[in-house]
Amino acid sequence: MKTLHRFVLKTFFGPFILNFALVMFILLMQFLWKWVDALVGKGLEWTVIAELIFYIAVGLMPLALPLAMLLSTLMAMGNMGENNETLALKAAGVSLIQIMAPIFYAGTIITIGAFFLSNNVVPYTNLKAYSLLFDVQQKRPELQIKEGVFYNGIPGFSLKIGEKDEKTNLLKRLIIYNHSSGMGNTEVTIADSGYMKVTSDQRYLIVTLYSGNIYQDVTDNTSPNAYELKPFRSTSFSKQQVTVPLDNLKLDRSSEGLLKDNERMQNLGQLKIMRDTTAIKRDGLVRSFVLNIIHSGYFRKSRELDSTLKEKDLNKFKTFKFDSVYKSFDTENRMRVVEAALSSAKSTQMSVVSNSFELSGLTERINRIDVERHKKFTLSLAALLFFFIGAPLGAIIRKGGFGMPIVVSVLFFIVYYIISITGEKFAREGVWSIVSGTWFSTFILLAAGIFLSYKATHESQIMSMDAYTNFVKNIFKRKK
């Protein structure tokens with residue numbers, strides 16, 4: 001390795017490691033801020049929290065690498081330009097392309113590593129992370145009860161609270177529906193206030209209620225109309241205690257099979273199999289729907305139709321003169337014909353509506369799978385493309401440190417992220433094609449990288465305020 005290469009790589013990898021750690025920390029804090037309500041106050045062991053954070057961190061690496069690459073290349077080339085090291089190397093006959101070459105090779109290796117993570121590691125860690133997060137959410141369900149919203153996380157019960165005091169844990173205006181009997185809403189409890197707590201063995205939820213009423217339907221199974229004939233019973237209380245058995249307070253690891261069919265939990269090979277299976281199912285639905293409409297909605301002689309279609313001789317069908325036949329009927333038969341036609345049309349319409357929902361759902365799933373397949377390439381390639389933006393931009397700005405580079409990098413990344421998620425959304429909804437939606441942001445990055453690289457190699461002053469000031473002054477001079 002040449003001395004120049006060692007020097008450039010040393011200048012690059014220092015900021016890269018620091019920026020990567022900083023970006024990972026920010027992304028992890030964003031995740032924890034989003035899920036803090038589901039994690040705090042559930043008595044989880046630190047090993048469970050550490051395991052969850054580890055899985056999430058691995059899943060965030062492909063997203064953190066492009067931004068770290070942009071920041072580090074901009075800082076490395078900016079520091080070299082600010083310290084006149086780039087100028088000295090150019091004076092020694094080293095071109096800017098030769099200076100950036102070691103960083104390009106390092107960026108290529110990082111891009112390959114990002115693709116390996118996205119395709120082989122991230123699907124596994126996503127499955128582990130979200131399965132564990134699902135299990136954590138099921139632990140201590142009473143902590144997830146929100147004000148003014150019915151909560152159905154406790155088996156056999158549905159409850160709503162009007163207000164919750166976070167300091168005293170006092171619940172106000174409680175409504176509890178008891179479904180444990182399996183006969184519907186046969187018992188309703190309304191209370192002015194109350195408390196909830198879990199027993200020390202974490203097997204029961206104790207609900208203490210104050211100043212309320214219990215409304216219960218009195219039913220039996222002696223006759224089919226027993227439910228309609230029996231009245232309900234009302235009981236008032238000043239204090240009432242309800243014991244609810246809870247079987248999911250302990251953190252039991254659920255089967256990962258519940259989430260394995262999600263496209264984010266699969267690699268390219270698994271996504272291809274899932275896509276082919278879904279496409280076969282959709283095509284089968286379309287064929288079945290078309291044949292059903294043709295045979296039952298428009299043509300009654302299905303055998304004649306099938307043989308004619310196979311022979312591809314549509315001339316065998318004779319033109320049916322409906323108007324002349326219809327006029328030959330009397331009024332009663334005309335009404336029958338109209339009623340039969342309306343019935344057939346309504347039946348066909350209902351069939352179209354019912355099948356369209358399932359068909360659109362399968363199409364949307366295929367689009368999501370295709371978007372996820374392309375994302376494994378685009379997100380990995382973004383790390384290399386950000387090199388073509390950060391390196392020439394740093395050579396033009398000639399400013400190092402965390403000031404200007406961070407501002408420019410964050411602006412570029414925000415624009416890229418907005419364009420990326422917009423294109424993916426349009427692709428999933430079928431507004432754009434899959435290739436256009438998923439690769440649109442990549443094409444934008446490529447165009448920006450080519451433009452900045454050209455300007456950097458030709459000593460452009462696009463980031464110099466003096467250049468723009470002189471340009472405006474020259475315009476006014478020409479007018480005078």
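Source: prediction; values computed, not measured.
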First locate atom CG of Leu65, then atom CG of Asn19, and finally report the distance between them rounded to the nearest 0.5 Å.
-> 12.0 Å

Find out whether Met100 and Thr73 are in side-chain contact, i.e. whether some heavy atom of one side chain is under 4.5 Å from a heavy atom of the other.
-> no

Take Phe388 and Phe104 through the test ring pair (Phe, Tyr, Trp, His ring centres under 6.0 Å) and record every step on the way to the result.
-> CA-CA 8 Å; Phe388 289 102; Phe104 170 76; 5.8 Å; yes

Side chain proximity check, Tyr417 to Ile421, heavy atoms < 4.5 angstrom | yes

Gln266 and its side-chain contact (heavy atoms from CB on, under 4.5 Å) partner, picked from Leu271, Ile273, Asn126 = Leu271

Would you say the side chain of Thr442 lies within less than 4.5 Å of the side chain of Leu446, judging by non-hydrogen atoms?
-> no

Is there a side-chain contact between Leu209 and Thr189 (heavy atoms, below 4.5 Å)?
-> yes

Side chains of Ser436 and Ser433: donor-acceptor distance under 3.5 Å anywhere?
-> yes

Rounded distance (nearest 0.5 Å) linking atom CZ of Arg6 with atom NZ of Lys10 | 10.5 Å

Supply the atom-to-atom distance Ile161 CD1 to Ser193 OG, rounded to the nearest 0.5 angstrom.
-> 12.0 Å

So, does Thr125 use its side chain to make a donor-acceptor pair with the main chain of Val122 at under 3.5 Å?
-> yes

NZ/NE/NH1/NH2 to OD/OE distance under 4.0 Å, Arg173 and Asp192 = no

Report yes if the side chains of Leu268 and Phe115 come closer than 4.5 Å at any heavy-atom pair, otherwise no.
-> yes

Kindly give the heavy-atom pair with the smallest separation between Leu117 and Pro62, and that separation in Å.
-> CB-CG, 4.4 Å

Out of curiosity, Leu27 CG to Leu32 CG, how far, rounded to the nearest 0.5 Å?
-> 11.0 Å

One should read off an interatomic distance between Asn267 CG and Lys272 NZ, to the nearest 0.5 angstrom, of 12.5 Å

So, Glu372 side chain and Ile369 main chain: donor-acceptor pair closer than 3.5 Å or not?
-> no

Check Ile366, Thr378, Ile434 against Val371 for a side-chain contact (heavy atoms from CB on, under 4.5 Å) and give me the one that passes.
-> Ile434

Side chain to side chain contact (heavy atoms under 4.5 Å, CB included) evaluation trace for Val188 with Asn178 | CA-CA 6 Å; Val188 181; Asn178 189 346; over 6 Å; no

Could you tell me whether Phe150 atom CZ has more than 12 heavy atoms of other residues or ligands within 6.0 Å of it?
-> yes

Measure up the Tyr416 and Phe413 rings against each other and bin them: parallel (under 30°), tilted (30 to 60°), perpendicular (over 60°).
-> tilted

Please test Glu163 against Leu171 for side chain to side chain contact (heavy atoms under 4.5 Å, CB included), starting from the C-alpha separation and ending with a verdict.
-> CA-CA 6 Å; Glu163 186 180 349; Leu171 308 176; over 6 Å; no

May I have the step-by-step check of side chain to side chain contact (heavy atoms under 4.5 Å, CB included) for Leu381 and Trp439, ending in yes or no?
-> CA-CA 10 Å; Leu381 191 59; Trp439 289 87; 3.9 Å; yes

Work out which heavy atom in Met69 is nearest to a heavy atom in Ser72; give both atom names and the distance.
-> O-OG, 3.2 Å

Got more than 12 heavy atoms from elsewhere within 6.0 Å of CZ, Phe13?
-> yes

Has the side chain of Asn83 got a donor or acceptor atom that lies under 3.5 Å from a matching backbone atom of Glu85?
-> no

Knowing that exactly one of Gln270, Arg368, Arg373 qualifies, which makes a side-chain hydrogen bond (donor to acceptor under 3.5 Å, both in side chains) with Glu263?
-> Arg368

Tell me, yes or no, whether the heavy-atom count around Ile206 atom CD1, taken from other residues, nucleotides or ligands under 6.0 Å, exceeds 12.
-> yes

To the nearest 0.5 Å, what is the distance between NZ (Lys375) and OG (Ser380)?
-> 11.0 Å

Between Ala64 and Met24 the two heavy atoms that sit nearest each other are CB-SD, 3.5 Å

Decide side chain to side chain contact (heavy atoms under 4.5 Å, CB included) for Lys160 and Tyr177; before the verdict, give the C-alpha distance in whole Å, the side-chain angles of both, and the deciding distance to 0.1 Å.
-> CA-CA 9 Å; Lys160 182 177 75 170; Tyr177 289 92; over 6 Å; no

Ignoring hydrogens and geometry, is there a side-chain-to-backbone donor-acceptor pair from Lys376 to Asn119 under 3.5 Å?
-> no

Geometric class of the Phe426/Trp432 ring pair [parallel <30°, tilted 30-60°, perpendicular >60°] = perpendicular

Would you name the heavy atoms of Ile56 and Ala129 that are closest together and state the gap between them?
-> CD1-CB, 3.6 Å

For the residue pair Leu89 and Met80, establish whether any side-chain heavy-atom pair is separated by less than 4.5 Å.
-> yes

Test item: Thr278 and Asp276 side chains (from C-beta on) under 4.5 Å apart, heavy atoms = no

Gln241, CD: over 12 other non-hydrogen atoms inside 6.0 angstrom = yes

Donor-acceptor contact present, side-chain Thr457 to main-chain Tyr454, <3.5 Å | yes

Met77 versus Ile99: any side-chain heavy-atom pair under 4.5 Å?
-> yes

Identify the two heavy atoms, one from Ile103 and one from Val8, that lie closest to each other, and give their separation to 0.1 Å.
-> CG1-CG1, 3.5 Å

Contact summary for Ile396 and Lys455, nearest pair of heavy atoms = CD1-CB, 4.1 Å

